[in-house]
Amino acid sequence: MNQSKLRFSIEESVWLKKGQEVAEVLSMSLEPDIAITEENDHVYIKGALKLVGEYRPYAQAIPPVDFEAGSLREQVSYRSLTQLTMKDDGIAELEHRFPVDITIPASRVTDSREVYVAVESFDYELPNPTCLELSAAISISGIYEENVVNQTEEEDPTNEDEALYGYEEEVPVNEPVEMEEVEEEAEEVPIASPHREDEQMFSTFQFEAKKFYDDFPVEPLTPSFLEPLEIPERPRETTVEFKAMEEPARQDQTDESVSTETWSTLKSIASESKNELEVQNELPSEPRPEEIEVEEQETAIQESMAHEVEVDEEVEVEESVPEAVEVSGMVEIEEEPPAKYSELAEDIEVQEIEEKEHGAAGRDENALYLTKMLSGGNEEKFAKVKMYIIQRGDSLDSVCDKYDITLNTLLRVNRIKQEEVTEGQIIYIPVAQTR
Amino acid sequence: MTMAILEQIAEHYQLDHAEWKEENKVISTNLGDKQVRFWAEEQLLNWHIEWRDEVALGMNVATDRMLRTANQNPWIASGTAYITLHDHVTTTVPCAGYEENWGQLIGGLLQTGIKLHDKYKEIAVKNDYSFKKCLERLRKYKEEGASFESVKKCLLEADKRQKRALELTETFRGIPLPLLDRLDGRKGKEIFNLFFYEGGTARPELGYRSLRIFLIKWLNNSSPYSLKKLLTCINKHFSLESEHGFLLLAEILAPIELYECLDRLQESELSEMMTILRNFEQDWERNRVLLHYYTDWLDEKRRKVAL
C-alpha cells in the first residue's frame, strides 16, 4: 500500500486593528493544534493552525476626539483585557487560529495514529503595518491511496457492472468531468495513475465516470446530471419540455402536417427512454457551475422571467409549459467557470430522422429540429440552440443583430407573432452547425 | 453618656420620649424612628445640611434632611461634636423601574454640587490618577518577583485611556466640577409612595467619580435599556449633552480601576492578590461596557439634535 500525503496551501491575510499596527515583526510561527479522531467510518481531523508571533507595535499618536462629527463610541472605546497581549517591554503578541476541519473515509486510513498534520513551509509578508499576509503549505500524512480499496472491488467481475451502473454513488463532485479528457484517459489508463499525489483520491472516481460514457456512446441518454448546475428543481426525468405540436394557434401550415406523426413518435421515444431515465435519476446531484447540454426538439417555450438568470431559472420555465413532452437525448457535460450567464448556450446532439414532407420554402425550423431529433439513425449530428433572456432595452432586432440571424427565423423558432418582447422573456436562438 | 444624649435630643426636638433602637444610630420616639448622626467638623456638617435642603427643594424626591430643633437649628451641639436627627426609612427601592426618581435625585445632586462648588471645594476629596505612579508600582512589584500579567498587558491601553481622559478635561478646563456625596444605590428608599434618599456623612467628592461607580453598579443590576433611561432622566434635570457630559465621559475613560488595583496590591497579602487581580479584570470589563452604552447614548442624543 502506498501512503500518500494530502497537501493544501493556505494563503491568508490577518488584518490588525487600529492601535495594533506592526512596526517590526520579531517572531512568527504557525503550528498545528489538531485532534484526530475516528468515528463512524470516518477520520476527523479537527482543530486549528495556530499563528503565534511577537512584534513591536507602532507608537501612535492618539487623534483628538471629534465632537462635531463621527461616533463618540467608536472614537473612545477601548479593548477588553482578553484582546490585549502586551509585555512590559513594549512587545506585542499576536495569536490567531485558522480552523481546520477535514473528514477522511476510514478506508483511506489504516491507523489514525499514523495521521499526522505538518506545516511543510510557512512564510509571511507585511505589505502594510495593519496587514500580515501568510502563506503556508500543510500536509497530512498517513492517508493511503483510495485505489487500494477500489482494486479489491474491481477484481470482482460482478462489481464491475455495479461500478458502471451504481458508480453514480461514488462519483465525486469536486472534480469536473470533461468529455474530451474522458476519451483520452479511458484509452490510456486502466487504473487511475495520478500524476500528483493529491489527485489520487479523485482520479479513480474520474476514471469510472468516464467509463460509463464510453460504454454508451451512441444511444441517446437522458441527462446524467453528474455535475448538475444549480438547478435544485429540475426534474431529472425531463431534459427539455416542449409544447405539443398540436397547439391550435400555429401560423405555419406545414407544421401541422408533421405534428401528428411527430407527436406519436415523440411519445414512443419518450416511453422507450423511460427506463434509462430511471437509472439516470439515481445519480447524485451536487451543485456545480457547469453547463448541461441537452437535447432539444422544440424551443417554443415562452415564459417571463424577472431578470437575467442562470440555468436553474430557465429550468423552472420549462416545467411550467403545459402539455410538455419528455424527450430523451444525449447529454454532454462541460466544465464551465462560474461566470454570469447572459444566455445559455446549449449544444444539442441530435439524431437524423427521416424527413417528412414539410413543404417547400416555408419549412418550419421547429419541425426540422423535431425530425432530426426523432430519426432513429446512428449518425450523430449536432445542432445548437441558445436560450436568451430578454434584457431591458432589448428588441428582437437587436437580438437578431447580435446573433446574426433573420427576424423571420427568430419569430418562427419561437413562434412569436409580434415583434414586441418583454423583459425577462425567454427566446431561443438557433445556431448553425458551422458555428 | 448615651442616656444624656437621649435626654438632650428629647429636649431640643421636643420629643415626649426617646429610646435607643439601635445604640448610637437609631432611636424610637413618639414621632417614629429617627436616625442619629454625630459630626466632628462643622464645615462638613454645613455642606451636608445644605445639599440635603437644596436637593429636596421643589422636587418630587425627599432627602434625609436634618430635622430642625425647636429653635429651628439643624443640629445640636454636644461637647465638641454635633448631633443631627433624621427621618429613618427602611423600605428600599430597586434600580429598574425607578429611573425617573433616581434621575431626578441625581440631577438635583449635580446641580447642587455645582452650586456649592466654590463654597465647599476645600473640604472635597480630590481624585488624582497618575499613570507614572502605576508604572513605578509595577516596576517595584517586578523587582520583588511579582508578575501581574493582566495588569502588565493593559498598561499601554490604560495609557491611551488616560491620555484621552486628559484631553477631554483639558478641553473643558474651567468648567466647575460638582461636589457629590458618595452615591449609593442601597440608599434609595420609599415612604408613603415618595422616593426618599438617605445621604452619607463622608467628605464630598469633587468630580464624577461617584456617579461613574454608581452607573457601573446600575448597569450590573439592571440593563442597558434601564441605564439609558436613567441617563435620559438625569438629563432632564441636569444636561449631560454639553460640557458636563464630556467631563463624565473623561471620568469613565480614566483607568481608575488599574490605579485602585495597584493600590490594593500594595497593601494586601499574597493570598488576597488573586482576588484583587480578578476584581480588577472584572472592573476593567464593566467599565468598558459602561463606556460603550454611555457613548452610545451620547451619540443618540447628538443625532436627534442634528436632525
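Order of the sequence lines fixes the chain letters, A, B, ..., with proteins taken first and strands second; residue numbering starts at 1 for each chain.
- Looking at B/Tyr294, neither its backbone nor its side chain comes within 4.5 Å of chain A, counting heavy atoms on both sides.
- With a 6.0 Å radius and a threshold of 12 heavy atoms from other residues, nucleotides or ligands, A/Phe98 has its CZ atom above the threshold.
- Remark: B/Tyr225 OH is loosely packed, at most 12 non-hydrogen atoms of other residues, nucleotides or ligands lying under 6.0 Å away.
- Not one N or O on the side chain of B/Asp299 forms a donor-acceptor pair closer than 3.5 Å with the backbone of A/Ser71.
- For the pair B/Arg302 and A/Leu72, the minimum side-chain heavy-atom distance is below 4.5 Å.
- In the displayed structure, B/Lys115 atom NZ is contacted under 6.0 Å by at most 12 heavy atoms of other residues, nucleotides or ligands.
- The most heavy-atom pairs under 4.5 Å with chain A, out of B/Val289, B/Asn287, B/Ile252, come from B/Asn287.
- Nearest heavy-atom pair across A/Arg79 and B/Arg288 is C-CD, 3.6 Å.
- Here the straight-line distance linking atom CZ of B/Phe280 with atom CG of A/Leu81 works out to 5.0 Å at 0.5 Å rounding.
- Few gaps surround CD on A/Glu133; more than 12 heavy atoms of other groups in view lie less than 6.0 Å from it.
- Contact record, A/Val76 with B/Leu253: O-CD2, 3.4 Å, taken as the closest heavy-atom pair.
- For the atom pair CD of B/Glu157 and OH of A/Tyr78, the computed distance is 9.0 Å after rounding to the nearest 0.5 Å.
- With a 4.5 Å cut-off on non-hydrogen atoms, B/Glu281 touches chain A through its backbone and its side chain both.
- Within 6.0 Å of CG in A/Asp41 there are 12 or fewer heavy atoms belonging to other residues, nucleotides or ligands.
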